[in-house]
Amino acid sequence: MAHLHRTPLPVSEAVERVMQYKRTGGVDKVDLQESGGRILAEDIAATHAVPPFHKSPYDGFALASEDTMELSRDNPGTFRVIETVGAGHRASRPLQSGEAVRIMTGAEIPEGADCVAMFEICTTEEDAAGRQIMTLKRKMDAGQNIIIKGSETEQGDVLVPKGSKINPGVQALLATFGYSTVMVYNKPTVGVFATGTELLEVDEPLVPGKIRNSNAYMIQAQLERSGAACTYLGKLDDDFDSCYEAVYNALGKFDLLITTGGVSVGDYDLMPDIYEKLEAEVLFNKVAMRPGSVTTVAEYGGKLLYGLSGNPSACYVGCELFVHPILQHFMGNTRPYHTRVKAVLGEDFKKANPFTRFVRGKVDYEEGKIVVYPAGMDKSAVVTSLAHTDVFIVLRGGTRGYSQGDMVEAVLLEDQKGQTKF
Ligand SMILES: Nc1nc2c(c(=O)[nH]1)N[C@H]1C(S)=C(S)[C@@H](COP(=O)(O)OP(=O)(O)OC[C@H]3O[C@@H](n4cnc5c(N)ncnc54)[C@H](O)[C@@H]3O)O[C@H]1N2
Ligand code: MOO
Ligand SMILES: [Mg+2]
């Protein structure tokens with residue numbers, strides 16, 4: 001009964017309290033192919049100019065523009081084709097006046113040439129001796145159809161700063177500049193316990209009074225979506241000693257520890273007593289929000305211990321609001337909070353909101369507008385609507401319900417951008 005009276009903390013203050021314990025993890029080298037989605041722990045600079053040589057953007061003939069000054073439809077010029085150069089090869093000698101090199105897209109421009117005439121404007125034939133002769137009927141400019149060395153980037157230019165997320169384009173740059181490995185921030189390690197004597201594992205048949213443990217798998221997937229390395233540590237019965245033991249033993253092994261269930265005021269809600277016995281500092285045990293009001297966060301030995309609700313929807317919301325930004329910060333992300341946008345509410349939501357409500361919703365893009373719809377039943381104990389959830393629709397506390405067409409705030413759970421403030 002010691003934990004019955006709780007003072008609800010506004011959501012933003014609760015987030016702020018948690019973020020006082022944020023820290024950035026170490027860095028490590030990963031293979032280029034494993035680096036997708038990680039955060040750069042080093043600036044990526046051009047190790048050479050791009051392109052590294054003057055190159056042809058077309059399949060055609062490289063020649064000297066000076067040789068074409070007088071050419072026109074009425075005054076065609078002919079060139080001796082001295083060799084063919086494909087990408088990856090180089091001309092064997094510099095070009096002389098009156099000569100052309102048959103050149104392919106991506107090949108280095110031979111010395112003595114300063115333009116490329118595309119195949120489409122040239123004709124070729126063999127002379128009596130069997131040599132290739134090319135005919136051109138127009139004037140070319142110096143530099144025409146040549147990609148100049150360094151025109152895209154010069155050696156030493158910083159192209160992607162430390163702290164950026166590695167996306168497929170960044171991986172293209174890493175490969176371009178010979179980074180077979182790259183320094184990234186470590187993934188935070190997270191241990192997860194599910195608590196509750198009613199829980200069955202996924203492969204167990206349903207029996208009266210019991211339900212399958214869905215939260216552990218949901219949390220694991222949420223954490224992995226947020227970039228963390230998660231270890232499911234198993235489910236615990238509602239027995240104080242074994243719960244305490246399991247939590248105590250796991251604390252030192254992970255960057256943070258999460259439990260689900262047993263944080264409210266029930267006879268078998270053991271987490272509050274466990275925090276007490278640990279002498280952990282409870283940052284809050286009630287948040288002015290729905291669902292997830294029972295979300296509890298404690299600090300023990302500099303590490304955070306999350307007591308997420310057992311109710312699936314409450315557990316989901318608590319994880320995204322309070323765990324996600326801590327993980328992002330740990331990984332060096334300078335924009336650790338979920339992206340928020342203004343959106344149009346797609347249907348009525350008439351329930352009153354004494355506390356700020358995070359309605360599990362789905363986002364749609366209709367005629368250039370962001371429209372959000374509740375994803376299903378809006379109850380803390382509901383699991384089914386989570387399958388369709390990719391946003392939280394934020395309905396402020398103290399409001400009497402919202403109508404279709406109202407502008408609301410939406411937290412985008414699957415957007416990569418993030419933002420610097422909650
Ligand atoms: N007298 C009061 N009762 C309750 C209050 C309150 O303020 N006063 N708060 C309610 C609110 S709000 C919530 S949310 C729940 C939170 O309960 P707990 O976090 O203590 O979780 P449990 O009691 O362990 O379980 C609640 C519910 O969730 C199911 N559950 C638990 N773990 C899982 C899992 N891993 N996978 C799927 N489902 C799970 C469990 O069977 C229960 O049905 O408390 C209210 N009560
Ligand atoms: O923590 Mo409870 O979710 O407010 O329903
Ligand atoms: Mg309970």
Side-chain angles (χ1 to χ4, degrees), residues 1-11 14 190-204 206-223 230 232-240 242-243 246-247 257-275 282 284-298 305-323 351-360 376-387 389 392 394-395 397:
M1 291 295 131
H3 309 283
L4 253 183
H5 296 288
R6 302 183 179 189
T7 316
L9 199 63
V11 185
V190 188
V192 176
F193 281 117
T195 73
T197 301
E198 75 277 28
L199 300 179
L200 299 167
E201 265 324 340
V202 181
D203 50 4
E204 291 185 86
L206 205 57
V207 293
K210 304 231 176 193
I211 58 164
R212 291 196 188 91
N213 163 23
S214 56
N215 290 355
Y217 300 94
M218 174 183 81
I219 294 170
Q220 186 162 7
Q222 286 180 283
L223 298 176
C230 180
Y232 171 43
L233 300 169
K235 59 187 174 66
L236 304 171
D237 283 338
D238 296 317
D239 166 70
F240 185 85
S242 57
C243 266
V247 168
L257 192 66
I258 295 178
T259 62
T260 168
V263 280
S264 188
V265 296
D267 294 348
Y268 303 101
D269 288 338
L270 303 172
M271 293 313 298
D273 293 329
I274 289 176
Y275 304 135
V282 175
F284 52 84
N285 58 12
K286 187 117 189 147
V287 186
M289 67 179 200
R290 284 283 187 276
S293 64
V294 300
T295 307
T296 302
V297 183
L305 171 56
Y306 285 82
L308 300 180
S309 170
N311 273 329
S313 287
C315 180
Y316 187 101
V317 170
C319 187
E320 295 298 339
L321 295 185
F322 302 110
V323 186
K351 256 196 265 182
N353 299 291
F355 291 122
T356 299
R357 195 185 286 277
F358 292 87
V359 177
R360 280 73 62 214
M377 274 176 78
D378 195 79
K379 287 268 195 298
S380 177
V382 161
V383 67
T384 48
S385 59
L386 294 172
T389 296
F392 292 152
V394 187
L395 304 181

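Atoms within a ligand are numbered from 1 in the order they appear, just like the ligands themselves.
Ligand 2 places these atoms under 4.0 Å from at least one heavy atom of Gly292: 1 (O), 2 (Mo), 3 (O), 4 (O). In the vicinity of Pro291, heavy-atom distances shorter than 4.0 Å reach the ligand 2 atoms 3 (O), 4 (O). Those atoms of ligand 2 with a heavy atom of Ala314 less than 4.0 angstrom away are 3 (O). Short contacts between ligand 2 and Ser380, defined as distances under 4.0 Å to a heavy atom of the residue, involve ligand atoms 2 (Mo), 3 (O), 5 (O).
Of all heavy-atom pairs spanning Pro312 and Met218, the tightest one is O-CE, 3.5 Å. When every heavy atom of Tyr232 is checked against every heavy atom of Asn213, the shortest pair comes out as OH-ND2, 2.9 Å.
Distance alone, capped at 3.5 Å, places no donor-acceptor pair between the Glu320 side chain and the Val317 backbone. Side-chain atoms of Thr197 never come within 3.5 Å of backbone atoms of Asp237 as a donor-acceptor pair (strictly under, hydrogens ignored). Here the side chain of Ser293 pairs no donor or acceptor atom with the backbone of Arg290 at under 3.5 angstrom.
Residues Asp378 and Arg357 are paired through a salt bridge, judged by an N-O separation under 4.0 Å between the basic side chain and the carboxylate.
Around the Mg ion (ligand 3), the protein atoms of type N, O or S found under 2.8 Å away are Asp269 OD1, Asp269 OD2, listed by chain and number.
For the side-chain hydrogen bond (donor to acceptor under 3.5 Å, both in side chains) criterion with Asn215, the lone passing option out of Thr195, Thr260, Thr259 is Thr260.
Atoms OH and SG, on Tyr217 and Cys230 in that order, are 11.0 Å from each other to the nearest 0.5 Å.
Side chain to side chain, Ser380 and Asn311 meet the donor-acceptor criterion of an N or O pair below 3.5 Å.
Applying the side chain to side chain contact (heavy atoms under 4.5 Å, CB included) test to Thr389 and every residue at least two apart in sequence or in another chain returns Tyr316, Arg360, Ala375, Leu386, Phe392, Leu413. In terms of the ring pair (Phe, Tyr, Trp, His ring centres under 6.0 Å) criterion, Tyr275 has no residue partners (sequence neighbours excluded).
For ligand 1, the 4.0 Å heavy-atom shell takes in Ala194, Thr195, Glu198, Leu199, Ile211, Arg212, Asn213, Ser214, Asn215, Gly261, Gly262, Val263, Ser264, Val265, Asp269, Lys286, Ser293, Val294, Ser309, Gly310, Asn311, Ser380, ordered by chain and residue number.
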Might you work through the side-chain contact (heavy atoms from CB on, under 4.5 Å) test for Ile258 and Phe193, ending with a clear yes or no?
CA-CA 6 Å; Ile258 295 178; Phe193 281 117; over 6 Å; no

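Both the backbone and the side chain of Ser293 come within contact range of ligand 2, each with a heavy atom under 4.0 Å.
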